[in-house]
Amino acid sequence: MAFGAGHHLQLIDGSGFIFRAFHALPPLTRKSDGLPVGAVSGFCNMIFKLVEDAKGPDAPTHVAVIFDHKGKTFRSDIYPEYKANRPPAPEDLVPQFGLIRDATRAFNLPCIEVEGFEADDIIATYARLAVEAGGRATVVSSDKDLMQLIRPGVDMIDPMKNRHIGPEQVEEKFGVGPERVIDVQSLAGDSVDNIPGAPGIGVKTAALLINEYGDLDALLERAEEIKQPKRRQTLIEKADQIRLSRDLVTLRTDTPLDRDLDSLEVRDPEPEAALGFLAEMEFRTLTKRIAEKLGAPMPEINDTPKALEDAGDGAAPEADPALTAAFEDAVYEKVTDAAGLQAWLDRITETGHVAVDTETTGLDEMRADLVGVCLSVAPGAACYVPLAHVDGEGSGDLFGGGERAAGQMDREEALAMLRPMLEDPAILKIGQNMKYDWKIFRRYGITVAPIDDTMLLSYAMHGGLHRHGMDELSERYLNHSPIPIKSLLGTGKSARTFDRVPVDEAVNYAAEDADITLRLWKMFKPQLHKAQVTRVYESMERPLIPVLADMEMRGVKVDRDHLSRMSNAFAQKMAGLEAEIQEKAGRSFNVGSPKQLGEILFDEMGLEGGKKGKTGAYATGADVLETLAAEGHEIPALVLDWRQMSKLKSTYTDALQDHINPDTGRVHTSYVISGANTGRLASTDPNLQNIPVRTEEGRRIREAFVAEEGNILLSLDYSQIELRILAHIADISALKEAFRDGLDIHAMTASEMFGVPIEGMDPMVRRQAKAINFGVIYGISAFGLANNLRIPRDEAKSFIDTYFERFPGIRTYMDRTVEEAKEKGYVETLFGRRIHTPQINAKGPHAGFARRAAINAPIQGTAADIIRRAMVRIPKMLAERELPGQMLLQVHDELIFEVPESAADALSDAVTEVMEGADLPVIKLDVPLTVDSGRGKNWAEAH
DNA sequence: TTCTTCACG
DNA sequence: GACGTACGTGAAGAAT
């Protein structure tokens, strides 16, 4: 039945409630892990009360919970300063935004937001629609801005005070009736929202004037008649500003809406979902009350403080049988037409979340084409939408094949249908390695949001225990081995691309991936809080996806000719060296073969110092060859030269040319968010985090990384960030002071250790101190230091002893960290990232590795966290300040930007500010973070 | 597929 | 007492 007379729409101002409840209610945290849930609790109580009260003739027949969409609204376009002086949301409130949306869905209530509009506009629009349809509406809010909506058919309830707001209350507040509220607000302005109004006129005066002249237009027209000179002048001079204020305070009643009134019909809550959520929040009383009300059994609540629980033994958590059961029984549907797809979209709207997976023609997101899309809404319930399969089994050649396969939707039509769902802020899109799918959709003009990523959920919770690929996660947590992609595509020469896989074969593989992703999400998401890594995931993993995707899609311009010229030069030099080496060796052999080289040097030539490794081959690494060269042998020195040329040519000057995208002329790397255990990123295809810099010849490769015409490359890097973090974590006051005073940290260390003055210090002494400083970060050992400094081991040991004597805090830190790892099974960064250390209690040589890794992880990991935090903030900041220029690359402690020359100074200052403050507000380091910068037409100049 | 080597922070 | 080590990565080429 269509919404109309007799129907009653309840519009709940979700966003308004969040802020009011957060500030009005005492702080409340979840017992097991300290997650702030005060506003969530208040919200659930309110919802419960509304449901309770909703009996009898006044009961709402339709209901919706409305939220502000994040980001700017149309009001900022009219007036850029609108809400510009709003401070960011309190740290404890941020995680509750998402939780309250979760709560809404758990209670089976529609959760509505619209990009570019405020919740108030949506409420105003629905209220208008309800009245026009002959029904009525009740606004549930404490926000005075909504009082302008009150009229016959539109009521208001204050959920905080639990009282009705009618014309009398409005009169009390504004001195006028609801229909004149806009006029008063336009004059009085609002300092919270930064609405200017008429200077010097507050609500009292505004009401007086409006009551005297009837309405705002009349007042402005007859402003000359005002007796008080000051007031008169203001109203005449500021008429435009007052009209602008009116545009800002007037709520829009034409907000574009995805859902019509009928779709908001009241649905009964599903006890399982609602109680499950409440139990997860550990609201004992409320869970009990609602369980009774719904006539459902009280779920078990485990609120044992996490610290008391045995954690991190590496064992897989017990799986919910619903998630692991019966992959064989799953029925995967092939969607071939619009009606079929619409049915799935309807299911998704109802569920509020969906697992999404794309199938493409290749692994390079910048070049691969979309072949199909899979969707899953529940375990075992998934579909595949084939879009671009071609016929012709095994005929990727010139003849036959290439015909579009039958029974597929048109790609544009399907994407047009999927787009609203993929961009709907109220529908969560879940992916495994979502950055990949995000980029694919982005190339078709769709920006997927909001998103969750099972790979990153696993990374946040299980970092260090195992890798986070889908096959691994599925086997480990779902006890199911997915269909290998190779069984469809084949391997080697006979491999085909996914579009050549027959549709019916593709359905099961593709849909299974979406199914697995959904099951993993259902298992992982509720565990996030218990693992106490919600903040890590929410602030350093999830928001990084679009940031990195943008960087990768932008790419960096590379000068092919420069690389090509270098390749030729290297080829010539190598040929010369090769001839010389073979001549001196007396026979020809493969200079690139360590095995053959070892045999030449140590067997045929009989050089000393040949050591065989565990595979029985001689070691011929650079350190071995350097020792031999220093003894005066020619071949090792020549081989070292040859190796350098060979490395630079094959890995860089040749390979980078192949990575230049023909469409963009730029190189697009991929960052692996979950690649490194410590929280660092990894860069692949190509790796742009190991472009040479340490040798003169290698550095010239950086000249090939250039800025577009009129732009420059800007490099900003953290100075000594890991040592600063060490100084903070280990609380070494001498180091902290040195950093605060901007001293040369290695010289200072040497001075402290050896009692020599910094002035006129022997560079060798400083070098040794530097090696020790770095060694400490790596979990120092006498052997390693001796190797690095090429000094006897006992000498290295005495250095270390001296160091520990002078800085006893370092040893305390190392012992404490190893102890923590043994006890808990993980170590933590300052921002709460957990790195598991499953090998820490091992015996044998493994133990040493694990020990040093545990010592290093909090230091390297904290540095990685800091730059991640900066990277998440930078694009927002650049957009807010309207600074041109873009972030291109990250190299662990360095960010590289491309920026118009004219904006370089401004961008450099702004980014430096963000980077240097990236530890705030979660923690405040005892040492300053400092950022150095460089710039130039190419990366060599910028570094 | 595994090992060795070497590029980076 | 011997083992065999600096931490974290990815790519190329040879060997298996």
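The figures that follow rest on heavy atoms only: side chains count, while hydrogens, waters and symmetry mates do not. The sequence lines fix the lettering, A, B, ..., with proteins before strands; numbering per chain opens at 1.
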Tell me the interatomic distance from A:Arg833, atom CZ, to C:dG8, atom C1', rounded to whole angstroms.
13 Å
Suppose you measure atom P in B:dT4 against the same atom in C:dT5; what distance do you get, rounded to whole Å?
10 Å
What nucleic acid atoms does A:Phe783 come within less than 4.0 Å of, heavy atoms only: base, sugar-phosphate, or nothing?
base
Is there a donor and acceptor pair, one atom on the side chain of A:Arg852 and one on the base of C:dT5, closer than 3.5 Å?
yes
Rounded to whole angstrom units, what separation is found between the CD atom of A:Glu626 and the C1' atom of B:dC6?
12 Å
When you measure from the side chain of A:Arg643, which nucleotide among B:dC6, B:dG9, C:dT9 comes out closest?
B:dC6
Whole-angstrom distance between B:dC8 and C:dG4, as gauged at atom C1'
25 Å
When we call it a touch if two heavy atoms are under 4.0 Å apart, what does A:Gly775 touch: a base, just sugar-phosphate, or nothing?
base
Quick one, give me the B/S/- string for nucleotides 11-16 of chain C, reading 5' to 3', where B means a protein heavy atom under 4.0 Å from the base and S means that only happens at the primed atoms, P, OP1 or OP2.
BSSSSS
Enumerate donor-acceptor pairs with a distance under 3.5 Å from any side-chain N or O in residues 838-850 of chain A to protein atoms, sequence neighbours excluded.
none

Using Watson-Crick or G-U wobble geometry with both distances under 3.5 Å, which nucleotide pairs with C:dC3?
none
Of the nucleotides C:dA6, B:dT1, C:dG10, which one has an atom closest to the side chain of A:Ile780?
C:dA6
Any base atoms under 4.0 Å from A:Ile691, or only sugar-phosphate, or nothing? Heavy atoms, all strands.
sugar-phosphate
Carboxylate-amine/guanidinium contact A:Asp801 A:Lys797, below 4.0 Å
yes
Less than 6.0 Å separating the ring centroids of A:Phe799 and A:Phe754?
yes
Which part of the nucleic acid does A:Arg793 contact within heavy-atom distance under 4.0 Å: base, sugar-phosphate only, or nothing?
base
Once the angle between the rings of A:Phe602 and A:Tyr618 is folded into 0 to 90°, is it parallel (under 30°), tilted (30 to 60°) or perpendicular (over 60°)?
tilted
Distance check needed: B:dG9 P versus A:Asp893 CG, whole Å only.
7 Å
Toward the 5' end of DNA chain C, which comes first, A:Lys614 or A:Ala853, by nearest nucleotide?
A:Lys614
Under 4.0 Å, counting only non-hydrogen atoms across every strand here, what does A:Ala796 touch: a base, just sugar-phosphate, or nothing?
nothing
So which nucleotide from B:dG9, C:dA6, C:dC7 ends up closest to the side chain of A:Asn787?
C:dA6
Would A:Thr678 and A:Gln860 count as a side-chain hydrogen bond (donor to acceptor under 3.5 Å, both in side chains) here? Give the steps.
CA-CA 6 Å; A:Thr678 51; A:Gln860 191 183 112; 2.7 Å; yes
Which part of the nucleic acid, if any, lies within contact of A:Ala622, taking any heavy atom under 4.0 Å across all strands shown: a base, the sugar-phosphate backbone alone, or nothing?
sugar-phosphate
Mind checking A:Val693 for me? I need base, sugar-phosphate or nothing, with any heavy atom below 4.0 Å counting as a touch.
sugar-phosphate
Is any side-chain nitrogen or oxygen of A:Arg694 closer than 4.0 Å to OP1 or OP2 of B:dG9?
yes
Could you tell me the separation between the CH2 atom of A:Trp939 and the P atom of B:dG9, rounded to a whole number of Å?
9 Å
